[in-house]
Amino acid sequence: MSLNRNQDRAALSPPPPIAPRWFSRFKGRARFGMAAFILIYALLALKLIDATIIAPIKPSAAVLAAQRPDFRTMLSAPDRAPILDRNGRILAVSLPGAALFADPKEITTPKRDAARLETALPMLNQAEIAHRLGLSHYGFVYLDRDLTAAQELAVNRLGIPGLYFQHVWVRHYPEGNLAAHVLGGVTPDQRGIAGIEDYFDRRLIAHPTQPLRLSIDLRVEAIVHREVARAMADYKARGACGIVENMSGRVVAMVSLPDYNANDLHDAPTHALFDRCISGDYEPGSVMKLMTMPAALQSRLVDYWDRFNTTHPLFVDGFSVTDYEPVHYWLAMPAILAFSSNIGASRIATIMGSKIQRAWLRKMGFFKPSPIQMPGVQPPIWHPKDTWKLLTTMTVSFGNGIAMAPIILVNAVVADVNGGILYKPTLLARTKGAPPRTGIRVMRHSVSVTMRRLMRGVVLSGTGVYARVPGYLVGGKTGTSQVVGRNGSYRNHLNNSSFMAMFPATDPRYVVYVLVIHPKPTKKMQHFSYGFTTGGYVAAPAVGRIIARIGPMLGIPPVEGPALKAINARFGIPLKPAIPPGQPALGPENPFPPGANRYAYILANRTPPKHPDTEAAAAALHRVQLATPGQRTNDRGPVHLPALMQTVASGVGQE
């Protein structure tokens, strides 16, 4: 019974399913594919292990060189050479920068984009930028041509479409307004437009890797700038100029005030761009006596011990010549210079006459623009030959009726004290290995020594006492000139004040000049100047402060104690010098030397001789005109120290 049930159940259960043939084939192929992939990956793994661990393949040298950073790669050369001072300090340099420009055709919201730009570049004018961005008919407009790296990054973060950067070289002046007029500036496309940048534009562009080294000493420039600015502020002056020049004509400092920041040349006010040291013509006042006296000594018509009638004012053609502090006795040349006697200078000039006076001034460079390497130099102003008569001869002798740029006057005084050699002024430093500078001899060496001694007397006992510097033998000359108005006449109560100095007097190294334009009496300086605005009160103290600070800096040690006293006693000339034995002398009994010009007789109300000594006059003119080329210097100026000390010891100022 049970067996039958089991059989029945077996008969009732369905038979096992039979796998289709395609499934069997698929299953076999899948197993084969899996085995193949495993084999391939195994082979790849083995190959990778072999290539990286067992036998790694090293890259070629070319591949390594391409991937290695080249630290030798340099930036492209700047577009202009740097400018250095004489000690190698940077005055001007080109640095990488960025210019921001836009394609207005890609700008859809000019006003909104301009407002966003102003947040990153506050110095931009929003209205102007919006206008430029709205010029849709243009495809290129500059927005700023002098971006710093930080400003470039700030603009880039704004993400404004249509703005682009152009990598450029930008001129920088690290010292700002120091030597700004000397350096000048460049246009936005880096072309020189003023100063050294303009004068040497081609050289700076043609040799961008070769620095241009100037004779300017940045340390001295800073001191002169500070002291001249102080004098200008103390007397509320309109402007000022300060120059330091060495004995070979190299300008060590040149300051014109007001000035400007050289980095902002294009935004500087017009009055600050004017260079008063090379472009302004000013009457020199009594500093011009430093030209009258060496001319007279060189002509040999006059000696420093001669005496001249300064007892009363001079009247010519309705004009009068007076002295600021008149004396009532005859003065010798040391006193004429120390007391700044216009009457005495007029007497000396009329003995020479206009022909000798003009010949001297022409030789010393007063009738042509200065050859200094600067654009904008102006020619002096002087009377033409046909109007250069008696009155002109007199007034020019003490610095009225003629005007010139300060650099011309300073350069001529350098020749006065450096031994008699006139050099062209220069702003270039001496090149290593270059031969010494060459100038022309314009006066005898003994005349130059006499001028040093006379200038020393001005500081010791004359109008320049406020230029005294403890330990330094300073010589100089004050200058106070009236100002010519627009109508051609002198303006009352308005003048220019100046002081010309050289130091040390026994062996000069530098000439220092300060000119203060239109100083005014101020409450601040009332206790010192008593309301006066003359060169002795305004400019002389500034020169003294400059010398006190630059002397040690330039390696000139002070002299003190008995040594200083001995030098002063040996080097100075008394205000009333004794007449050397056997030497002729001018005075009350002998007022006219042989060859004296007829102007001297007319001024003394005497009738000129019918038969003047034309031979003596011609010889005097020849001596004044003579200029010998080829004199060399050691770049400090001619060194004649042994001859100098011999001359000083003898007490004789003529050869």
Side-chain angles (χ1 to χ4, degrees), residues 224 226-242 257 276 282-290 310-313 320-329 331 334-345 398-400 406 455-470 472 474-485 490-501 512-549 575:
V224 174
R226 178 176 179 178
E227 297 302 338
V228 171
R230 174 180 170 182
M232 182 177 166
D234 285 346
Y235 291 92
K236 295 183 179 180
R238 181 180 179 182
C241 164
L257 296 178
R276 288 155 178 79
Y282 307 98
E283 290 192 352
S286 290
V287 173
M288 198 66 176
K289 295 183 177 85
L290 298 181
T310 58
T311 59
H312 58 271
S320 63
V321 175
T322 60
D323 284 344
Y324 186 73
E325 295 181 0
V327 295
H328 302 289
Y329 53 89
L331 295 180
I336 290 174
L337 196 66
F339 300 154
S340 198
S341 171
N342 295 339
I343 299 172
F398 53 83
N400 285 9
M455 291 173 68
R456 177 62 175 157
V458 174
V459 175
L460 285 178
S461 54
T463 57
V465 292
Y466 290 117
R468 293 177 182 175
V469 180
Y472 287 96
V474 179
K477 182 69 191 79
T478 53
T480 306
S481 61
Q482 293 176 280
V483 177
V484 179
Y490 288 110
R491 298 177 60 181
N492 294 328
H493 311 297
L494 191 63
N495 64 275
N496 297 329
S497 302
S498 61
F499 190 79
M500 183 78 70
V512 182
Y513 180 66
V514 168
L515 166 68
V516 182
I517 301 167
H518 301 180
K520 301 175 182 64
T522 60
K523 185 177 180 181
K524 176 182 178 181
M525 304 306 296
Q526 177 67 29
H527 69 285
F528 173 73
S529 65
Y530 308 103
F532 295 109
T533 57
T534 60
Y537 285 111
V538 176
V543 171
R545 292 192 298 267
I546 290 172
I547 293 175
R549 296 183 64 187
L575 297 183

Check whether [X] reaches the backbone of [Y] with its side chain - one donor and one acceptor, N or O, closer than 3.5 Å.
X      : Y      : answer
Ser481 : Glu283 : yes
Arg468 : Gly544 : no
Thr522 : Asp234 : yes
Arg456 : Val474 : yes

Counting C-beta onward and ignoring hydrogens, is there a side-chain heavy-atom pair between [X] and [Y] closer than 4.5 Å?
X      : Y      : result
Leu515 : Arg276 : no
Thr463 : Val458 : yes
Leu337 : Leu290 : yes
Val228 : Cys241 : no
Val459 : Phe499 : yes
Lys289 : Asn342 : yes
Thr480 : Tyr324 : no

Roughly how far, to the nearest 0.5 Å, is [atom2] of [Y] from [atom1] of [X]?
X      : Y      : atom1 : atom2 : value
Ile336 : Thr310 : CD1   : OG1   : 6.5 Å
Arg545 : Arg230 : CZ    : CZ    : 3.5 Å
His493 : Gln482 : NE2   : CD    : 10.5 Å
Asp323 : Phe339 : CG    : CZ    : 10.5 Å
Thr311 : Ile343 : OG1   : CD1   : 7.5 Å
Met525 : Lys520 : CE    : NZ    : 15.0 Å

Task: Parallel, tilted or perpendicular, as decided by the 30° and 60° cut-offs, for the rings of Phe528 and Tyr537 - done: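 The arrangement is perpendicular - the two ring planes meet at more than 60°.
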Can you name the closest pair of heavy atoms from [X] and [Y] and give their distance?
X      : Y      : value
Phe398 : Ala345 : CB-CB, 4.4 Å
Pro519 : Val516 : CD-O, 3.6 Å
Thr533 : Pro521 : CG2-N, 3.7 Å
Gly399 : Pro284 : O-CD, 3.4 Å
Ala501 : Ile547 : CB-CD1, 4.2 Å
Gly536 : Pro541 : O-CD, 3.5 Å

Task: Test log, rule side-chain hydrogen bond (donor to acceptor under 3.5 Å, both in side chains), inputs Asn496 and Ser498 - done: CA-CA 7 Å; Asn496 297 329; Ser498 61; over 6 Å; no
Open item on the list: Within a 6.0 Å radius of atom CZ on Arg226, are there more than 12 heavy atoms belonging to other residues, nucleotides or ligands?
Closed with: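 For Arg226, atom CZ is not crowded (no more than 12 foreign heavy atoms under 6.0 Å).
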TODO: Check the pair Ser340, Lys477 against side-chain hydrogen bond (donor to acceptor under 3.5 Å, both in side chains), reporting the backbone distance first and the verdict last.
DONE: CA-CA 8 Å; Ser340 198; Lys477 182 69 191 79; 2.9 Å; yes
Task: side-chain contact (heavy atoms from CB on, under 4.5 Å) between Thr478 and Thr534, worked out - done: CA-CA 8 Å; Thr478 53; Thr534 60; over 6 Å; no
